[in-house]
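Quick notes on the structure that follows.
One-based numbering, in listed order, for ligands and for the atoms of each.
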Amino acid sequence: MITFVGAGPGAEDLITVRGQRLLQEADIVIYAGSLVNPGLLSLCREDCKVYNSAVMTLEEVLDVMTAGQAEGNEIVRLHTGDPCLYGAIREQMDALEENGIPYEVCPGVSSFCGAAAALGAEYTLPGISQSVVITRMAGRTPVPDRESIASFAAHQATMVIFLSTGMLRALSAELIRGGYPSDTPAAIVYKATWPEEKVLRCTVDALEETAREAGVTKTALIVVGRILEDEYERSKLYDPSFTTEFRRAVHLKAPVEEQK
Ligand code: SAH
């Protein structure tokens, strides 16, 4: 069996309990060495074979999986954050399927959640934004034209932008071209949840200089939106006058002099 495991955003204790167990039991681990915290590998058995996929091609990864499976091994493919985002797992799953090799996915805490925690932010604030756009600038991997940063920026919803720290000047220009006012609050979160985490707050037009001054060139997320400000409406869910499936509204008594 192959299990794709989300390693979490960085801190070693942010892997799931299931992910931890799978790592402890694995005969073979193939980990994404560019971003997965190597400290997690100390969970592995001493006789576990460990491969760093940063120096491997898809074909080489599949060869290790196929040979390991043939020998009856438990194999963990360890991806950063949650594997469903920019994880390149679909091509691995499809190849396994073609070869009749069973696989499962164990989710993880994505870095966009780690960044929210670092910021003390809620991405969905009533009256401000009820949507989160997760996207990236086109790099060597293209982004379909209909998904341009500017087209998403037109909504002025919360945006979390991956894989774009090297293109911040162009990112600012696209965000502003799309409709975010240039003074919209933004944040750069470097290595969220790692010991060396940095949280840099700025505005949409100042992303590039903010990152440059802090020496941040990679492994960061850009968060944009008015949820980073202090204004919002309180939630209906916890409003005393709001009845939910689990709680009846409390009707506050009118002041005594009006109770005739
Ligand atoms: N599957 C991962 C994302 C992989 S793409 C996840 O769910 O988080 C790699 C990009 O994710 C990096 O370029 C960076 O933009 C972002 N990233 C990953 N870990 C991060 C962290 N701890 N802090 C900030 N950004 C991170």
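Here the protein heavy atom with the shortest distance to atom 23 (N) of ligand 1 is Ala192 N, 2.8 Å. Nearest protein heavy-atom contact of atom 24 (C) of ligand 1 is Val189 O, 3.4 Å. Here the protein heavy atom with the shortest distance to atom 18 (C) of ligand 1 is Ser111 OG, 3.5 Å. Ser110 OG, 2.8 Å is the protein heavy atom nearest to atom 7 (O) of ligand 1. In terms of protein heavy-atom proximity, atom 11 (O) of ligand 1 is closest to Phe162 CD2, 3.3 Å. When hydrogens are left out, the protein atom nearest atom 9 (C) of ligand 1 is Leu35 CD1, 3.4 Å; that is the closest non-hydrogen contact. For atom 5 (S) of ligand 1, the nearest protein heavy atom (residue, atom name, distance) is Tyr86 CB, 3.7 Å. Nearest non-hydrogen protein atom to atom 22 (N) of ligand 1 is Pro9 O, 2.8 Å.
With contacts defined as side-chain heavy-atom distances shorter than 4.5 Å, the pair Thr80/Pro9 does not qualify. Proximity of Ile188 to Leu207: side-chain heavy atoms (C-beta onward) are separated by under 4.5 Å at one or more points. Counting heavy atoms from C-beta on, the side chains of Val105 and Pro83 come closer than 4.5 Å.
A tilted orientation is assigned to the rings of Phe162 and Tyr86, their planes being inclined by 30° to 60°.
Residue-level proximity to ligand 1 for Phe112 is absent, since no heavy atom of it falls below 4.0 angstrom. With a 4.0 Å cut-off on non-hydrogen atoms, Ser164 does not touch ligand 1 at all. The proximity of Thr165 to ligand 1, defined as any non-hydrogen pair under 4.0 Å, does not occur for either the backbone or the side chain.
Any N or O atom pair closer than 3.5 Å counts here, and Tyr190 shares no such pair with ligand 1.
Look at Glu196 and Lys191 and you find a salt bridge, because one of the NZ, NE, NH1 or NH2 atoms lies within 4.0 Å of a carboxylate O, short of that distance. Ion pairing between a basic and an acidic side chain is recognised when a charged N comes within 4.0 Å of a carboxylate O; Arg177 and Glu174 show such pairing.
Contact atoms of ligand 1 toward Trp194: 22 (N) (distance under 4.0 Å to a heavy atom of the residue). Within ligand 1, counting atoms from 1 as listed, the ones closer than 4.0 Å to a heavy atom of Leu85 are 1 (N), 2 (C), 3 (C), 4 (C). Taking every non-hydrogen atom of Gly81 and a distance limit under 4.0 Å, the qualifying atoms of ligand 1 come out as 6 (C), 7 (O), 8 (O). Every atom of ligand 1 is numbered from 1 in the order shown, and the set under 4.0 Å from a heavy atom of Ala220 is 14 (C), 15 (O), 24 (C), 25 (N).
A donor-acceptor pair shorter than 3.5 Å can be found between the side chains of Ser53 and Arg77. No side-chain N or O of Glu122 forms a donor-acceptor pair with one of Tyr232 less than 3.5 Å apart.
To the nearest 0.5 angstrom, Lys236 atom NZ is 13.0 Å from Thr243 atom OG1.
Looking at Asn73, its side chain does come within 3.5 Å of a backbone N or O of Gly68 through a donor-acceptor pair.
Of the candidates Thr193, Val216, Leu163, Leu221, it is Leu163 that places a heavy atom closest to atom 13 (O) of ligand 1.
The shell of residues lying under 4.0 angstrom from ligand 1, judged by heavy atoms, excludes His79.
Within 6.0 Å of CG on Asp145 lie no more than 12 heavy atoms contributed by other residues, nucleotides or ligands.
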